[in-house]
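Notes follow once the structure below has been shown.
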There are 2 protein chains.
Amino acid sequence: MSEKSSKNSKVSLAEVARAAGVSKMTASRVLRGEGGYSEKTRDLVMQKIDLLGYVPNRLATVFAGDQTSTFVGVSIPDLGNEVFAQVLEGIDRKLRSFGYQTVLGLTQHTIQEEEAWIETVLSWQPAGLILTGRSHSPRALEMLRNAGIPIVEIWDLNSSPLDISVGVNHYDCGFEMGRYLVGLGYRSLGYVGTSHDTANAATARLEGFTKAITDGGGSVARQFCLHDTASYYPGFYGTEQLLASGAAVDCIYYQNDAMAFGGLQYCEKLGLSVPADIGVAGWGDMPIASVLQQRLTSLHVSHLKLGQAAAEAMVARISGEPHPTARDTGFHLVPGSTTRQIIG
Amino acid sequence: MSEKSSKNSKVSLAEVARAAGVSKMTASRVLRGEGGYSEKTRDLVMQKIDLLGYVPNRLATVFAGDQTSTFVGVSIPDLGNEVFAQVLEGIDRKLRSFGYQTVLGLTQHTIQEEEAWIETVLSWQPAGLILTGRSHSPRALEMLRNAGIPIVEIWDLNSSPLDISVGVNHYDCGFEMGRYLVGLGYRSLGYVGTSHDTANAATARLEGFTKAITDGGGSVARQFCLHDTASYYPGFYGTEQLLASGAAVDCIYYQNDAMAFGGLQYCEKLGLSVPADIGVAGWGDMPIASVLQQRLTSLHVSHLKLGQAAAEAMVARISGEPHPTARDTGFHLVPGSTTRQIIG
DNA sequence: TTGAAAGCGGTACCAT
DNA sequence: ATGGTACCGCTTTCAA
């Protein structure tokens, strides 16, 4: 008791060994439970470990063993967008269950931040990296290639990933929604989203969406991208801007459900009734959609599952188990009552 | 070019030094830019570093120097509750700006998960730990005390923290809201929140709230705690349960704004008008509140700022700068139109 | 079943 | 301005 409270710092394996009257090696073997010692020895060592409050120094373990650590670097654009928070939750929970630790990097949607973070995190000898998005700086790409560790790129499914890709095809998401809306009869669409320096998944959705709309004989008459996080207020404000611009749109497609909800609120404020006066569609089937009076027309994606799948892919790769280069976690359209069939 | 692409793994300082024709020490000095070498030497070494794609092994640095790492362990209950996501964002961004890395631990609100995570993360020699909440297992407490590193407990302001406490006084939050509502004339209050194994900040809010209500001559007639994450649907469902229980409540207080919004939606579904038929109050002044038609009666807390303050406290302590034992990041009541003055 | 010695990739310290 | 050497805490290897 007094023995341990006096030294708050650094009890080493050597000290444990000395206290137990055995060699470092024996103590080390006991600690790892890899056999090669007697019951009596084990009990003795364990007792001393407890007594001294020994905490192993994993830095030294990794270092000595020339292994990689159990760190997995995880880069996420921002947490103000609820979907990324869910993805992160899925990743961390799954990673933890396999004995890995998440080293977080919030990149604020910029590849420069990502590059700086990658450089730092690599110096800690991580077991692997999970990166959101597929655009990386040239220097980041070089570091990633030289790192010699598994890299899982998530979010936007990538047919030729650096290593492994887990996510959904955002172009297809947009295309499917576009096709659905044009099928309902909408012709003059609006879009409200956020913009960032790099091409991203939301951009891909908009492209797929635009393609489907024009294919169907309609057009994306107006689009507003705010440089902000994809949440409620930007959806509200973006809608205000879009409607104030005088564009005659019959339906607005939003970057995600949170923004769509902001839009719904602006419409209500303006006295526009949805879907009678204007249609509204979102993306992600986010939690808020479960409590609205109207079922929001959206597209379901399981963000938690996507995160878990990413962690599983990482663990598989680390363990040398086979894993497909790309894993599509899927989506499906959720028709709602915020859009309607347009008669002629 | 070919020189580096061939060896994806492990270029050591020794190799850089050899390539540059200098000693390890000189190369080390150049790398750290601490002087003691000529311009020519520096350029030569830098060139080789670049050529070989050398990535320093910080494990070895920390290990050799017997320093702590630049890791800061951060435990968060869950990310489904948007307020924690914001706190984490504030922490990570600030920490990054000071050159520290977040090692995340999602504890799912249990002290056992927290204990396991603390044990693991301590073995990586973190520079400090930021923990959400103030209840820890006995073994966790012992490990924390023996760790000899800064510990910042956040969220619930604690007058006698392990080390430093950053957050708000949740009891006071609840008390203030209770006083406000009772002042408006509400007398039979309901509460909808979530419950977890350990006493937490939400519990403290409820206690403060109950005290103020009873002090004012009212009572908390019914409370519903769901074992779920504090988000939209539990608010909706909890309200349904509460109202179905036949309790005559004139106002419902929710654990946070997300749950309150769920409650508002249920009321609307039921045809109850707010605040005419029933009052609704939340907590947190969360992003969704900014787009609602009615200003939600709530209590403003800056979650991002709270996270940032926690990171600042951590950095100050690591650097040995003075920092108060407790830092209150404050709150203020936001009267809204989801509650009203009750006439006698 | 157990132990001694070497070494992982850096840095501190002392020489030169 | 530069280099040699010991050493951080642990594991690997080889011997006993």
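Quick note on labels: first sequence line is chain A, next is B, and so on, each numbered from 1.
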Output the single nucleotide from C:dG3, C:dG10, C:dC13 whose closest atom is nearest the side chain of B:L13. C:dG10
Between B:S12 and C:dG9, is there a contact of a side-chain N or O with OP1 or OP2 at under 4.0 Å? no
Protein-nucleotide distance (B:E34, atom CD; C:dG10, atom P), rounded to Å: 15 Å
Closest to the A:Y54 side chain, choosing from D:dT11, C:dG10, D:dC10: D:dC10
Let me know the distance between CE of B:M25 and C1' of D:dT2, rounded to the nearest Å. 9 Å
In terms of ring plane angle, is the pair B:H109 and B:H196 parallel, tilted or perpendicular, where the classes change at 30° and 60°? parallel
In terms of side-chain heavy atoms of A:A60, which of D:dC10, C:dG3, C:dA12 is nearest? D:dC10
Can you see whether A:T229 engages A:D78 through a side-chain donor-acceptor pair at a distance of less than 3.5 angstrom? yes
For B:S28 and B:R32, does a side-chain donor sit closer than 3.5 Å to a side-chain acceptor? yes
Using whole Å, what does the distance between atom C1' of nucleotide C:dG10 and atom CG of A:L59 come to? 12 Å
Minimum-distance nucleotide to B:R29 side chain [options: D:dG3, C:dG9, C:dT11]: D:dG3
Should A:S23 be listed as having a side-chain N or O under 4.0 Å from OP1 or OP2 of C:dT2? no
A:S38 side chain N/O closer than 4.0 Å to the phosphate oxygens (OP1, OP2) of C:dT2? yes
Check the distance between C:dC8's C1' and A:R58's CZ and give it to me in whole angstrom. 17 Å
According to a strict under-4.0 Å criterion, is A:T26 in side-chain N/O contact with OP1 or OP2 of C:dG3? yes
If I take atom CZ in residue B:R42 and atom P in nucleotide D:dT2, what distance separates them, rounded to the nearest angstrom? 12 Å
Base, sugar-phosphate, or nothing: which does A:F63 touch, judged by heavy atoms less than 4.0 Å apart? base
Taking the minimum atom-to-atom distance to the side chain of A:T41, which one of D:dT11, C:dT2, C:dG9 wins? C:dT2
Output the rounded distance in Å from CD (B:Q125) to P (D:dG9). 9 Å
When the distance from OH of B:Y37 to C1' of D:dT2 is rounded to whole Å, what number comes out? 13 Å
How far apart are the C-alpha atoms of A:E115 and A:R139, what are their side-chain angles, what is the distance that settles it, and do they pass the salt bridge (Lys or Arg N to Asp or Glu O under 4.0 Å) test? CA-CA 7 Å; A:E115 176 186 311; A:R139 213 166 80 75; 2.9 Å; yes
Write down the distance between NZ (B:K40) and P (D:dT2), rounded to a whole number of angstrom. 9 Å
With a 3.5 Å cut-off and no angle check, do the side chains of A:E113 and A:T107 form a donor-acceptor pair? no
5′-ward residue of the pair A:V22/B:N57 relative to DNA chain C: A:V22
Closest to the B:A64 side chain, choosing from D:dT12, C:dG9, C:dT2: C:dG9
Do B:E312 and B:R327 meet the salt-bridge criterion of a basic N to acidic O distance under 4.0 Å? yes
Please determine whether a side-chain nitrogen or oxygen atom of A:R18 lies at a distance below 4.0 Å from atom OP1 or OP2 of D:dG9. no
Return yes if the base of D:dG4 and the side-chain atoms of B:K24 contain a donor-acceptor N/O pair under 3.5 Å, otherwise no. no
